[in-house]
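Accompanying notes for the structure given below.
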Amino acid sequence: RRVHGADEGLVFMCVTDKDSSRKVAFSFLEDVRRTFRKMFVEPVATLSSAVCFEFRAVLQEKAAFYSDESNANSFKSIQRDLGKVKEVMTENIESLIMRGDRMESLVGATEGLRGQAQGFQRSATRLRRQMWWKNAQAMGCSAVSIGTLIVLIILLFCGPTFHCSS
């Protein structure tokens, strides 16, 4: 199986057997590409054949590393762990989205309650004023009734001329 990648005129390619993992092969190519770019920053057209000889040792080291089964297993383990982390992050993001929806509904409920509280306050103020007027009317009626009662008692004892005999 052939696996390849291109980068600004350079082609990175490796050949693996059928049983090798594609992920390992592409990881190898990406690692080789990154290392090459770190070592050689000049344009591709200016590179000499000596560069190929310099990079040969790096290629052999990377190939040995990615060919080793224990490194491939640790690589798979790391990918598996990254997959788990990705799942957890996805769940956390979904949880945040759901929490955001709940927050929006709470904000809506809070605004509704604020409107109800303002309506209740207006109603309570109106009722307090009505009760004050009723209380004032009752006090006025009581004062008039007591005054009338006092005048009647005086009229009863003193007569219509208000000349009381002692």
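None of the values given here were measured: they were computed from a predicted structure. Just so it is clear, the values below take in all heavy atoms, side chains as well, and ignore hydrogens, waters and symmetry mates.
Interatomic distance, CD1 of Ile97 versus CG of Asn92, reported as 11.0 Å (0.5 Å rounding). For the atom pair Arg34 CZ and Arg37 CZ, the distance stands at 13.5 Å (nearest 0.5 Å). Rounding to the nearest 0.5 angstrom, the gap separating the CG atom in Leu152 from the OG atom in Ser145 is 10.5 Å. Here Leu29 contributes atom CG and Phe36 contributes atom CZ; the two are 13.5 Å apart, rounded to the nearest 0.5 Å. Between the NZ atom of Lys134 and the CD atom of Gln137 there is a distance of 8.0 Å, given to the nearest 0.5 Å. Atom-to-atom distance recorded for Asp31:CG and Phe26:CZ is 14.5 Å, nearest 0.5 angstrom.
Ala63 and Ser67 get closest at one heavy-atom pair: O-OG, 2.6 Å. Of all heavy-atom pairs between Thr35 and Lys62, the closest is OG1-CE, 3.3 Å. The shortest non-hydrogen separation linking Tyr66 to Ser27 is OH-O, 3.7 Å.
In Met103, the CE atom is not crowded: 12 or fewer heavy atoms of neighbouring residues, nucleotides or ligands sit closer than 6.0 Å. For Glu61, the CD atom is loosely surrounded, since the number of other residues' heavy atoms within 6.0 Å does not exceed 12.
When hydrophobic clusters are built by joining Ile, Leu, Val, Met, Phe, Trp and Tyr residues whose side-chain heavy atoms come closer than 4.5 Å, directly or via intermediates, Met131 is not grouped with Met139. In the hydrophobic clustering of ILVMFWY residues, with side-chain heavy atoms under 4.5 Å counting as a link, Ile154 and Ile146 come out together.
Looking only at side-chain heavy atoms (C-beta outward), Thr125 and Arg128 come within less than 4.5 Å of each other. Side-chain contact check for Leu82 versus Lys86: every heavy-atom pair is 4.5 Å or farther apart. Contact of the Val32 side chain with the Phe55 side chain is registered, since non-hydrogen atoms from C-beta on lie closer than 4.5 Å.
Residues Arg114 and Glu111 are not paired through a salt bridge, judged by the lack of any N-O separation under 4.0 Å between the basic side chain and the carboxylate.
In this structure, Thr148 contributes its side chain and Val144 its backbone to a donor-acceptor pair below 3.5 Å.
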For this session: Please assess Gln116 against Leu113 for the test side-chain contact (heavy atoms from CB on, under 4.5 Å), listing each intermediate value before the final yes or no.
Result: CA-CA 5 Å; Gln116 288 178 355; Leu113 286 173; 3.6 Å; yes
Exercise. Step by step, would you call Arg129 with Arg126 a side-chain contact (heavy atoms from CB on, under 4.5 Å)?
Worked result: CA-CA 5 Å; Arg129 286 181 186 147; Arg126 194 175 330 113; 5.9 Å; no
